2 protein chains.
Amino acid sequence: MSIAEVARRAGTSVATVSRVFNNPGIVNAQTCSTVLRAAHELGYVPNSSARTLRTRRNKVLGVMLPTLANPVFAQCLQGIAEEAETRGYAIVLTTTEYSPEREAAAAERLLNAGVEGLILVVSNPATSQVLQRTQQTKLPYVLAYNQAQEHTCISVDNHGAIFQLIQRLHAAGHQRIGMVTGQLHASDRAQQRCKGYVEGMQAQNLSPLPVWELPFAEQALEQLQQDLMEATRPTALVCSNDVIAIRSIRAATLAGLRIPQDLCVVGFDGIGLGRDLTPSLASITQPNEAIGQQCVALLCNALTDGIPLLPSHSVQLPYGWRAGESCSPLPL
Amino acid sequence: MSIAEVARRAGTSVATVSRVFNNPGIVNAQTCSTVLRAAHELGYVPNSSARTLRTRRNKVLGVMLPTLANPVFAQCLQGIAEEAETRGYAIVLTTTEYSPEREAAAAERLLNAGVEGLILVVSNPATSQVLQRTQQTKLPYVLAYNQAQEHTCISVDNHGAIFQLIQRLHAAGHQRIGMVTGQLHASDRAQQRCKGYVEGMQAQNLSPLPVWELPFAEQALEQLQQDLMEATRPTALVCSNDVIAIRSIRAATLAGLRIPQDLCVVGFDGIGLGRDLTPSLASITQPNEAIGQQCVALLCNALTDGIPLLPSHSVQLPYGWRAGESCSPLPL
DNA sequence: TTGTACGCGTTATCAG
DNA sequence: CTGATAACGCGTACAA
C-alpha cells in the first residue's frame, strides 16, 4: 500500500507515481492512467504523515471557541467542519469557556498540535495574549466574530446592527429601551453592541439606560426581574445575544410582564432554536455557518498560495433581521 | 528544533533523547534531566508526523455526529473535545444531518483521514452500512447514544427512562398520555423511547395513543396543533428529545393550551438551554459531556493497550430527571 | 518525460 | 543504561 508497490505494479518509478498524484500535468497521459489504475487496484491511499514530514504541511487547522453550549458557536463550527472537510483539512478543537486564562493554555495546545493555521474567537482582541503569541509564531490566523482593525476578521457590523435597531425601535414608538448583555470583559462583541446601543440612543435623542450586565449567575437575573417591575421599566429590551434574550424573557415573564405587549425583547445571533420558542425570538441574525466557512476558506487559500494573511483580508458579512413574536413588528 | 539538535546540546545520542520522551523510566535520572533541560532551552517540540510515520499512530480520532444544531450533540462534542485534548488526541469531525446516505460518505472520509478510532452516532445500528464498513477495517469504534447488543455503546437506558416516566405520570393522575417523536427511521433512540412509551402505557393499563412523528417540517407541527384542540387530547406529552419538546410546547400554546395546567410536556436529553426557557423544560437528562468523555476514554485505552473493543465494554450511564415548569410536579 | 537517490524527524533493533 | 543505524513513505533536486 505504499508508493513503491504502486510503482512496481505500474512498471514505473516511485517518482512518477508521486508526480501523478501531485503534479499530473507534467507526466505523460498514458503513464498517468496506468499509474492511476494500478493505484486504484491496490487501494492505494497516500500516507499523510510521510507527506507531511516531507512537505511540512499537515492539513490541520486549530479552532478555538468560547463554548459549544451557545448554539452560535456550534453553528459556526458546523460551517468550519464542513468547509474544512471539503478542503481535506482536519481540525483540532478547543474551548475556553470565556476564560482568558484558559485561552492562553488552549492556544498553546493548538500550537503544540502543530496546526497550520488558526481560527480563533477571543474575548478581546485588544488585550488578548493569544494574539501576540500567535503573531510570534507567524502562523496564519483569522478571528471569527471578533472585530478589530489590526487583525484578519470575519464578522458583522456589531455596532451598526444595534445602532440601526435602536432607530427602528424608536420609530415603532419605543422611548425607554434597555440593553442586557453578558459579561462585558469576556466579549468585545458585547462591548461593541453596547456602544451601538448608547450611541444609537443618543442619535435618537433618547437617554440610554444603565446596561444590565448578567454574569452567569441566578442572582443577576433576579436583579433584572426586580428592575422590570419598576414603573420606569423599559418597553423594549435589546440583548447582546440570543441566550441572554431567552433568559431576559424568563426574567420578564417572572416579573409578570407579557411579551411583547408589555415588553419587546430582541436577541442577537439568530440561533436556529429561536424560531421554535414561544414566543418565537426576534433577533438580529448572523450568518454563522458562513462565518465559519469563510474563516476556513481564507485560511486555506492563504496556506496554499503561501501569502500572508493581512487585516485587509477581513470580511464584514451582512447581518439580517428575523422577525419574531418576542417583539412587535418594526418598520423597515 | 529536531531531536538531533537536542542530542547535540545535551551531549547524548538521539536515541537517548527519544527515550527520555517516550520511556523516561529506562534512562539514567541524571542524563534524563540534562536532556530535558536542553530540550526546554531549545523549545523543542517533537514532530508528530515523523513519530506517526514511524509508529503508525497519529493520535487522531474520527467523530461522526448527526448535527450540531441539536445542543445534545454539541454538548457531547464538548465532552469529546475536552477528553481528547487531555489525552493528546486531535479529532476530525463530520456531521450527517441524520441522512443515511451522508452517513456512508462521512464515514468514508473519516477512514481516509487515517483516524485511529471512531466515535459514531448512527441512525440505526441494526441497519447501518457504516458499521459493517468500520468492522471490515478492524478499527476500534464506539457508538454514542446508540444502544445495541452487538456493539460497544455508551448510552442510557432509553426504554427504561420512558417506561418509568409513564409510571410517574400515571401516578400523578395522567391517563391520556401522548408521545411525540422525530423521524423514527432516523434514530434508534427514538424507536426505543417509543417502545418504552407503548409498553409503559400497557404496564399501567392505559392505552397508548398513536405516536406523533414530526418530520422536519412546518406542516407536521400544525397537525399536532390541530390534534391538541380535540376534546380527547392528551393531558401529558412525552417527547423523544428536548428540541421536539420545545416545538411541541409551541404547537400546544398556539392551540390555546396552557402549560402545564392544560398540558404537561416532558423532554429528553436535558439540554442546558432548557433551564432558561419559560416555562422551563422538564426533561429526562443524559450526561452528555460524560458520554463524550467516556467514548474517548474507552477508545484511547483500547488504543494504547492494543486490546480490541468489545460489546462487553459498553457502558450504560444513568439518566436523571430535571423538574421544570412545563410539567406539574411528579411523584418520586 | 522519466528515473535515482537523498533527506524529512522519529522510533526500534541490536550491540556494546 | 547508552549509542549507532536502519527503516517508516514520500517529494524533489538532479541526472539521464
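Side-chain atoms are counted along with the backbone in the values below, which use heavy atoms only and exclude waters and symmetry mates. Remember, it's a predicted structure, so these values are computed and weren't measured experimentally. Residue numbers start from 1 in every chain, and the chains themselves are labelled A, B, ... in the order their sequence lines are given, proteins ahead of strands.
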Query raised in the report: Less than 3.5 Å between a donor and an acceptor, one on the side chain of Arg54(A) and one on the base of dG9(C), is that the case here?
Result: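 Side chain to base: no pair below 3.5 Å.
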Report task. State whether the distance check finds a donor on one side and an acceptor on the other, under 3.5 Å, for side chain Arg57(A) versus base dG11(D). Result -> no
Do any side-chain nitrogens or oxygens of [X] fall under 4.0 Å of OP1 or OP2 in [N]?
X	N	result
Thr16(A)	dG3(C)	yes
Arg19(A)	dG11(D)	no
Asn22(B)	dT11(C)	yes
Ser13(A)	dG3(C)	yes
Ser2(B)	dC8(C)	no

Query raised in the report: Between Ala4(B) and Val14(B), which heavy-atom pair has the shortest distance, and what is it?
Result: CA-CG1, 3.7 Å
**Report entry** Minimum heavy-atom distance between Tyr141(A) and Leu309(A), given as atom pair plus value
**Finding:**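 Where Tyr141(A) meets Leu309(A) most closely, the heavy atoms are O-CD2, 3.5 Å.
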Base, sugar-phosphate alone, or nothing: which one does [X] contact when heavy atoms must sit under 4.0 Å apart?
X	answer
Ser49(B)	nothing
Thr52(A)	nothing
Phe21(A)	nothing

**Report entry** Atom CD of Gln129(B) with >12 non-hydrogen neighbours under 6.0 angstrom
**Finding:**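 No, not enclosed.
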Query raised in the report: Around atom CD of Gln136(A), are there more than 12 heavy atoms of other residues, nucleotides or ligands at under 6.0 Å?
Result: yes
Query raised in the report: Just one of Leu131(A), Asn146(A), Thr134(A) clears the side chain to side chain contact (heavy atoms under 4.5 Å, CB included) bar with His151(A), so which one?
Result: Leu131(A)
What is the separation between atom [atom1] on [X] and atom [atom2] on [N], rounded to the nearest whole Å?
X	N	atom1	atom2	answer
Asn58(A)	dC8(C)	CG	P	18 Å
Arg8(B)	dG3(D)	CZ	P	15 Å
Leu53(A)	dC6(C)	CG	P	17 Å
Gln30(B)	dC1(D)	CD	P	13 Å

Query raised in the report: Looking at dG9(C), dC8(D), dT2(C), which one has an atom nearest to any side-chain atom of Arg56(B)?
Result: dC8(D)
